[in-house]
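Throughout, protein chains are lettered first and strands after them, A, B, ... in sequence-line order, and every chain is numbered starting at 1. Note that this is a predicted model, so its numbers are computed, not measured. Note that these values count all heavy atoms, side chains included, but never hydrogens, waters or copies made by symmetry.
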2 protein chains.
Amino acid sequence: MQLDQLDRSIIGVLLEDGRATFAQIGDRVGLSAPAVKRRVDRLVASGAITGFTVRVDPAVVGWSTEGYVEIYCRGSTSPDQILAAVERLPEVVSASTVTGEADAILHILASDVRHFEQVVERIAREDFMVRTKSELVMSPLLRREQGSLPS
Amino acid sequence: MQLDQLDRSIIGVLLEDGRATFAQIGDRVGLSAPAVKRRVDRLVASGAITGFTVRVDPAVVGWSTEGYVEIYCRGSTSPDQILAAVERLPEVVSASTVTGEADAILHILASDVRHFEQVVERIAREDFMVRTKSELVMSPLLRREQGSLPS
DNA sequence: TTTGAAACATAGCGTAG
DNA sequence: CTACGCTATGTTTCAAA
């Protein structure tokens with residue numbers, strides 16, 4: 001789907017405040033509330049907006065340990081195999097195949113270091129896995145996952 | 001702040017649907033709408049909930065290139081210096097100091113590979129920087145940033 | 001928790017580009 | 001024909017009892 005400038009402005013407002021009313025959004029982008037609603041509905045239907053959520057402080061809700069795991073797989077491993085292995089684990093928050101030495105990077109949230117270790121062990125036991133390399137987060141300096149639009 | 005089981009259930013509902021009405025949340029957790037509102041207000045005031053947003057498909061919106069950059073700094077570099085350097089760059093979506101060889105991992109969204117390269121170059125020019133190691137995302141397999149609660 | 005007023009969402013309809 | 005604004009009605013929010 002193709003977004004025009006109005007769609008992009010609306011998404012920009014919603015990224016800042018996902019509960020902004022249609023009238024508030026309309027004031028900022030120059031449309032009436034019903035017009036904004038129609039566009040938001042269309043953005044949701046088309047998949048440009050995939051959902052509405054809250055941003056939560058991970059430490060407060062109990063995800064106090066965070067880390068990245070690079071995984072190295074056998075040459076014959078497909079992305080689908082990796083996905084099938086990680087999507088069962090709710091602690092895996094994102095997974096992507098990457099260029100470079102590693103085959104994929106996983107982002108993991110766990111309740112403590114022990115829990116993190118258990119998750120890594122379960123991943124390491126997959127039969128396509130050659131080795132893993134973990135990096136535990138010490139201080140989260142910046143966290144604005146998907147917080148703006150390209151200029 | 002300490003969360004009880006009700007708070008955790010409310011956050012769970014809001015993670016799935018950030019626009020759920022207080023009455024809908026109440027139905028699922030067993031409270032009246034005003035009672036839910038009071039709790040949500042308290043969760044926001046206490047910082048457990050840091051905001052409301054939309055989830056957006058990064059590709060649709062123009063962030064079609066994604067990558068991770070490990071940075072290696074001089075021994076004397078403080079986390080604050082790293083933060084100061086990256087928070088100016090809107091393309092840096094998260095930054096954390098980590099254990100292991102690298103000092104920090106940055107998660108970056110860019111509009112294309114050229115743009116990504118420019119961002120990495122700007123980071124590399126910081127005077128505390130020794131070297132960087134980039135991994136470009138090929139396929140995003142899984143993306144549920146902060147999508148659930150610890151069990 | 002209930003209540004009632006104000007704000008909001010949302011469908012229908014007419015209009016302009 | 002698509003997208004807008006306006007208006008009317010049902011829902012939700014929210015503060016006070």
Under a 4.0 Å N-O cut-off, is there an ion pair linking B/Lys133 with A/Glu135? no
Can we say A/Arg122 and A/Glu91 salt-bridge, meaning some charged N sits less than 4.0 Å from an Asp/Glu carboxylate O? no
Between [atom2] on [N] and [atom1] on [X], what's the gap in Å once rounded to a whole number?
| X | N | atom1 | atom2 | result |
| --- | --- | --- | --- | --- |
| A/Gln5 | D/dA3 | CD | P | 17 Å |
| A/Phe22 | C/dA9 | CZ | P | 6 Å |
| A/Leu31 | D/dT2 | CG | C1' | 14 Å |
| B/Lys37 | D/dT12 | NZ | P | 16 Å |
| B/Gln24 | D/dT13 | CD | C1' | 13 Å |
| B/Arg19 | D/dT11 | CZ | P | 17 Å |
| B/Ile25 | D/dT12 | CD1 | P | 12 Å |
| B/Arg39 | D/dC14 | CZ | C1' | 18 Å |

Cation-pi check, A/Arg131 to A/Tyr72: give yes when NZ or CZ is under 6.0 Å from the six-membered ring centre and within 45° of the ring axis, no otherwise. yes
Aromatic ring pairing B/Tyr68/A/Tyr68, orientation class (parallel under 30°, perpendicular over 60°, tilted between): perpendicular
So among A/Ile10, A/Leu149, A/Ile49, which one has a side-chain contact (heavy atoms from CB on, under 4.5 Å) with A/Leu15? A/Leu149
When you get a sec, tell me which of D/dT12, C/dC8, D/dA3 is the closest nucleotide to the side chain of A/Thr21? C/dC8
Where along nucleotides 12-17 of chain C does protein come under 4.0 Å, by heavy atom, of base (B) or sugar-phosphate alone (S), with - for untouched nucleotides? ------
Under-4.0 Å side-chain N/O to phosphate OP1/OP2 contact, B/Ser32 with C/dT1: yes
Which residue pairs satisfy the side chain to side chain donor-acceptor pair (under 3.5 Å) criterion with at least one member in residues 94-104 of chain A, sequence neighbours excluded? A/Thr97-B/Ser139
